[in-house]
Amino acid sequence: MEDNDYVLAFDHFYTTNHIQILKSLIPFIEGEHTGMLPALIKYMELQYTLTLIKKGSKPMEDADIHACSKGKSEKDGKEMEDNIEQIYNAVHRYLAPSEEKEFSQLLSAMRTMKNMREMQQMLEMLQSLNPDADTGGNAGFGGLDLNEIMQMLNQTGG
């Protein structure tokens, strides 16, 4: 979804056609009442949303906005890192610089952990293909055998 699509989806589920019409008319209204129209629209949106809550309605339940939903993630074959990145792409332009930096650091750390897990899986596969390699001393990478590499990966949380 595009960044603006999330806002449009929210508007679609939590507003009425009449409210949308009023929003569309704002640029055409002149005079002293122009300032109150946005406040009136927000009030109407709040009333409508509260009505939905009282009814127990969850209009967005089936919408395609569940970026972190475990069910969606399994269905689509996406990992949590991908979902977090989608959320970041949807909200990044609204973040303060410090929040942007923190989000970028989080994404970077998650990518690093994902890469470490992939390396660990590859090393486990290599070890399973050649189980005698760990007895040869320098049979691994950079003078380390596969067991030493595996221990280092386990210690880093991979």
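Position 1 is the first residue of the sequence; numbering continues from there.
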A.B. asks: State the CD-OG distance between Q20 and S24, to the nearest 0.5 angstrom.
C.D. replies: 6.5 Å
A.B. asks: Within the side chain of S108, is there an N or O that forms a donor-acceptor pair under 3.5 Å with the backbone of S104?
C.D. replies: no
A.B. asks: Verify, without hydrogens or angle tests, whether S128 (side chain) and M125 (backbone) share a donor-acceptor contact under 3.5 angstrom.
C.D. replies: yes
A.B. asks: When rounded to the nearest 0.5 angstrom, what distance separates CG in L95 from OH in Y88?
C.D. replies: 7.0 Å
A.B. asks: Would you compute the distance between atom CD1 of I21 and atom CG of N17 and round it to the nearest 0.5 angstrom?
C.D. replies: 6.5 Å
A.B. asks: Report the distance from atom NZ of K42 to atom CD1 of I19, rounding to the nearest 0.5 Å.
C.D. replies: 10.0 Å
A.B. asks: Which atom names give the shortest non-hydrogen contact between I84 and M110, and what distance separates them?
C.D. replies: CG1-CE, 3.8 Å
A.B. asks: Applying ring-ring contact (aromatic ring centres under 6.0 Å, His included), which residue pairs with at least one partner in residues 35-54 are found, sequence neighbours left out?
C.D. replies: none
A.B. asks: When rounded to the nearest 0.5 angstrom, what is the spacing between NE2 in H18 and CE in M44?
C.D. replies: 8.5 Å
A.B. asks: Could I get the full list of salt bridge (charged side-chain N to carboxylate O under 4.0 Å, His left out) partners for K23, not counting sequence neighbours?
C.D. replies: D11, E45
A.B. asks: Looking only at heavy atoms, what is the nearest atom pair of I26 and I41, with distance?
C.D. replies: CD1-CD1, 3.6 Å
A.B. asks: Compare all side-chain heavy atoms of L123 with those of Q120 and state whether any distance is below 4.5 angstrom.
C.D. replies: no
A.B. asks: Taking side chain as C-beta onward, heavy atoms only, is M119 less than 4.5 Å from M116?
C.D. replies: yes
A.B. asks: Rounded to the nearest 0.5 Å, what separation is found between the OG1 atom of T49 and the NZ atom of K54?
C.D. replies: 12.0 Å
A.B. asks: Return the minimal non-hydrogen interatomic distance between E100 and H92, and the atom names on each side.
C.D. replies: OE1-O, 3.2 Å
